[in-house]
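To keep things clear, I will list the structure first and then write my remarks on it.
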2 protein chains.
Amino acid sequence: MAQPTMQQVAERAGVSLALVSLVMRQAPNVSDYRRQLVLEAAAELGYRPNVLARNLASRQTSTIGVVLNDIHNPFFAEIIDGIQAAFDEAGYRVLIGNGKRSPSGEAEMIETFLQFRVDGIISAGATMSMSSIEAASESTKIVVVGRSSRSQLIDSVNTDDVSGARMAVDHLVELGHHRIAHIDGGTGAGAEARRRGYSEAMTDHGLSAEIVTAGGDFTESGGYLAASELLSQSNQPTAIFAANDLSAAGALHRVEDAGLIVPDDVSIVGYDNTALAAMQHLSLTTVNQPRDELGRLAVRFVLERLRDKRTDSVHHMVAPTLVNRKTSSRLTTGAAT
Amino acid sequence: MAQPTMQQVAERAGVSLALVSLVMRQAPNVSDYRRQLVLEAAAELGYRPNVLARNLASRQTSTIGVVLNDIHNPFFAEIIDGIQAAFDEAGYRVLIGNGKRSPSGEAEMIETFLQFRVDGIISAGATMSMSSIEAASESTKIVVVGRSSRSQLIDSVNTDDVSGARMAVDHLVELGHHRIAHIDGGTGAGAEARRRGYSEAMTDHGLSAEIVTAGGDFTESGGYLAASELLSQSNQPTAIFAANDLSAAGALHRVEDAGLIVPDDVSIVGYDNTALAAMQHLSLTTVNQPRDELGRLAVRFVLERLRDKRTDSVHHMVAPTLVNRKTSSRLTTGAAT
DNA sequence: TTGTATGCGTTATCAT
DNA sequence: ATGATAACGCATACAA
């Protein structure tokens, strides 16, 4: 397992250590002749740069750490694509860490990345405290995505969840619904804003008396349980707005279990527009978060700090859109209040 | 962004560099008094070990790289859980790399991990050539999971896909089906064995004349297209066995699009038993791969090589099981051949 | 128990 | 264009 070093490459090529280093870093001022010599020696030995030594000496890693709140949530997994594409272009490698849906899990991954001295960190859907993240920002460039923030220290990229939630409610109201319940996302990222958007929109429509929120947690089972709670009430909702697609799927199942038809008896609207919602078997009406764009913007912000030395924080909001699929429909007159 | 070093901690605590190092590594032979001194100084400075320097000096990283063929495929994402849990116990940190569903993407991640000199690599669902993986095994301990292998150099953990596919066919035959088609996984990991198990089982049941395979690629859209192909044939299948849950979901949708009822008109069986299949709205009959066990075994094998210095390769097969849900049912007499 | 000195595999500065 | 050589931040024999 002992790996060849530059020293050995140098000896084999009959040149100095420094020359090998120059070749490995694609330096311009090296004669073609010696460059070939070095390259051949390296290939013969199966030399591979030791990134630990390189990073230690150069004081930079060209590596970005991405910590996902939950690798199982398609929303976070889909943000990765934009991040990876953008960093590939910029010449950075990206390492992924799983936060295991807990603040401590996220904190551990951030600590690990800091110990590795990564050049930057993107935290997707962080549930850990903002102050902990700010503490980490003393050591590296860090931007949060999918979570609102007004921090003076770190950048954020986020969907305008308040208006996203409003879109969901507006859509349902247009379809004639009044008894619109909300399954929220508990303490998850974005849950608070969606809750607020829901309440505001209901109030604006003169439906403040109909506001009903059941507690969820961004998981399918959480959505199932929350829907149970909603169905057992005397005044069953004719429509449910769930804080994300996963919980919408859970609610959908619970409603169908009760012998009700979606959307005829109950309309359901999700949030995120993940691949799950797009699955045609589900075909969930939902609020789209432009995941690729979120990822790319996050990358742009860390690059701005890295290359342009920007120091003031920026908070970017992207606009959600409603995706009308098959789980929502006009309220049938028989079911009206 | 300049980080404090041990040197600074040492000066502040009024002790030697080496003493600080001992404290940081939780060495036993340090007086409580000085240990406190060092710990306090470190805390005051916000000292954080530089893992690059530490790993360089100690020649080990206590880090494992996990490369996922596709972070979006729930099967791979779910293997991570077992891996992380097992490595947490063993005191290793795990970094995740996304192979982006391509051999070159996987190769790049492996190269990155090798440059980081990780102590071991677990590759889940690798589609890159076995010889490339073997080449990497000269530099670190590497085990593949979810992909068959008979390599003399590297370990593998895999579900017995041949018998898993057989289970699916046996199940359908028991339900009275004869015209059982297969949507395969193309060049994906495990696809070949599942194709073989399907053919063998069909032959064993005297149904070799009914063998029909449509090309898929382990994605939902691939399953949808393959199902289209199957439905357009003169002799429509009464049952479809898809090589994974994702393509089964795609097929399910295509069948329903055709106005057919699942399972009344067409039964569908998937493979993997991911959270997707378990989603009650889908409720897919499928073949279970024990993902947690697969992950834990993979970890065990790299630890055996790391700690017990095992050098001969081991190939472990775990047994699949059939999970009977709602997408398969007895063939109705009217539809019989 | 604590300190000194050397090396880990690079990068980078300064000569030549 | 190429070569010495001093960092980089830490671990680790070895000495005290």
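Worth saying up front: this structure is predicted, and the values here are computed from it rather than measured. Heavy-atom basis, side chains included; hydrogens, waters and symmetry copies ignored. Letters go in sequence order (proteins before strands), and every chain restarts at 1.
Considering only side-chain N and O atoms, B:S31 lies nowhere under 4.0 angstrom from the phosphate OP1 or OP2 of C:dT1.
Classification of the B:F116-A:F116 ring pair by plane angle, with boundaries at 30° and 60°, yields perpendicular.
Put simply, CG on B:L52 is 13 Å from P on C:dT11, counting in whole angstrom units. Atoms CG (A:N29) and P (C:dC14) sit 17 Å apart, rounded to a whole Å. If you measure from atom CG of B:N50 to atom C1' of C:dC8, you get 13 Å, rounded to the nearest angstrom. Separating the CE atom of A:M6 from the C1' atom of C:dT11 is a distance of 8 Å, rounded to the nearest angstrom. For the pair A:Q8 CD and C:dG9 P, the computed distance is 8 Å after rounding to whole Å. Atom CG of A:L19 and atom C1' of C:dT11 are 14 Å apart (whole Å). In this entry the distance linking CG of A:L22 with C1' of C:dC14 reads 13 Å, nearest Å. We find that CZ of B:R59 is positioned 16 Å from P of C:dT6, with the value rounded to whole Å.
Taking all atoms of both residues into account, the shortest heavy-atom contact from B:N98 to B:M109 is O-CG, 3.5 Å. Contact detail for A:G186 and A:A191: the closest heavy-atom pair is O-CB, 3.4 Å. The two residues A:A136 and A:I110 have their closest heavy-atom pair at CB-CG2, 3.8 Å.
Heavy atoms of B:R34 sit under 4.0 angstrom from primed sugar atoms or phosphate atoms, though from no base atom. Base engagement by A:L56 is indicated by at least one non-hydrogen atom pair under 4.0 Å involving a base atom. Residue contacts for A:V15: at a heavy-atom cut-off of 4.0 Å it reaches the sugar-phosphate backbone alone, with no base atom in range. Counting any heavy atom pair closer than 4.0 Å across all strands shown, A:Y47 reaches sugar-phosphate atoms only and no base atom. Nucleic acid contact for A:S21: base, since at least one base atom lies under 4.0 Å from a heavy atom of the residue.
Under the 4.0 Å criterion applied to side-chain N and carboxylate O atoms, A:R48 and B:E111 are assigned as salt-bridge partners. Comment: A:R307 does not engage A:D119 in a salt bridge, judged by the lack of any side-chain N to carboxylate O separation of less than 4.0 angstrom. For A:R310 and A:D155, the salt-bridge test passes: some basic side-chain N is under 4.0 Å from an acidic carboxylate O.
Between B:V30 and A:Q3, the residue anchored closer to the 5' end of DNA chain C is B:V30, taking for each the nucleotide with the nearest heavy atom. Where B:R35 and B:A53 each meet DNA chain C at their nearest nucleotide, the meeting point lying more 5' is that of B:R35.
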Query - From CA spacing to verdict: side-chain hydrogen bond (donor to acceptor under 3.5 Å, both in side chains), B:Q115, A:R93 - result: CA-CA 12 Å; B:Q115 292 186 2; A:R93 50 166 75 83; 3.0 Å; yes
Check your understanding: What's the verdict on salt bridge (Lys or Arg N to Asp or Glu O under 4.0 Å) for B:R296 and B:D81, showing C-alpha distance, side-chain angles and the deciding distance?
Key -> CA-CA 9 Å; B:R296 286 180 180 276; B:D81 291 342; over 6 Å; no
Check your understanding: Is there a side-chain hydrogen bond (donor to acceptor under 3.5 Å, both in side chains) between B:R35 and B:S31 once you walk through the steps?
Key -> CA-CA 6 Å; B:R35 180 185 304 277; B:S31 68; over 6 Å; no
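Contact footprint of chain A on DNA chain D: nucleotides with an atom under 4.0 Å from a non-hydrogen protein atom, first to last in 5' to 3' order, D:dA1 to D:dG9.
When each of C:dT10, C:dT4, C:dC8 is scored by its nearest atom to the side-chain atoms of A:L17, the top-ranked nucleotide is C:dT10.
Taking every heavy atom of residues 108-118 of chain B and every atom of DNA chain C, no pair lies under 4.0 Å.
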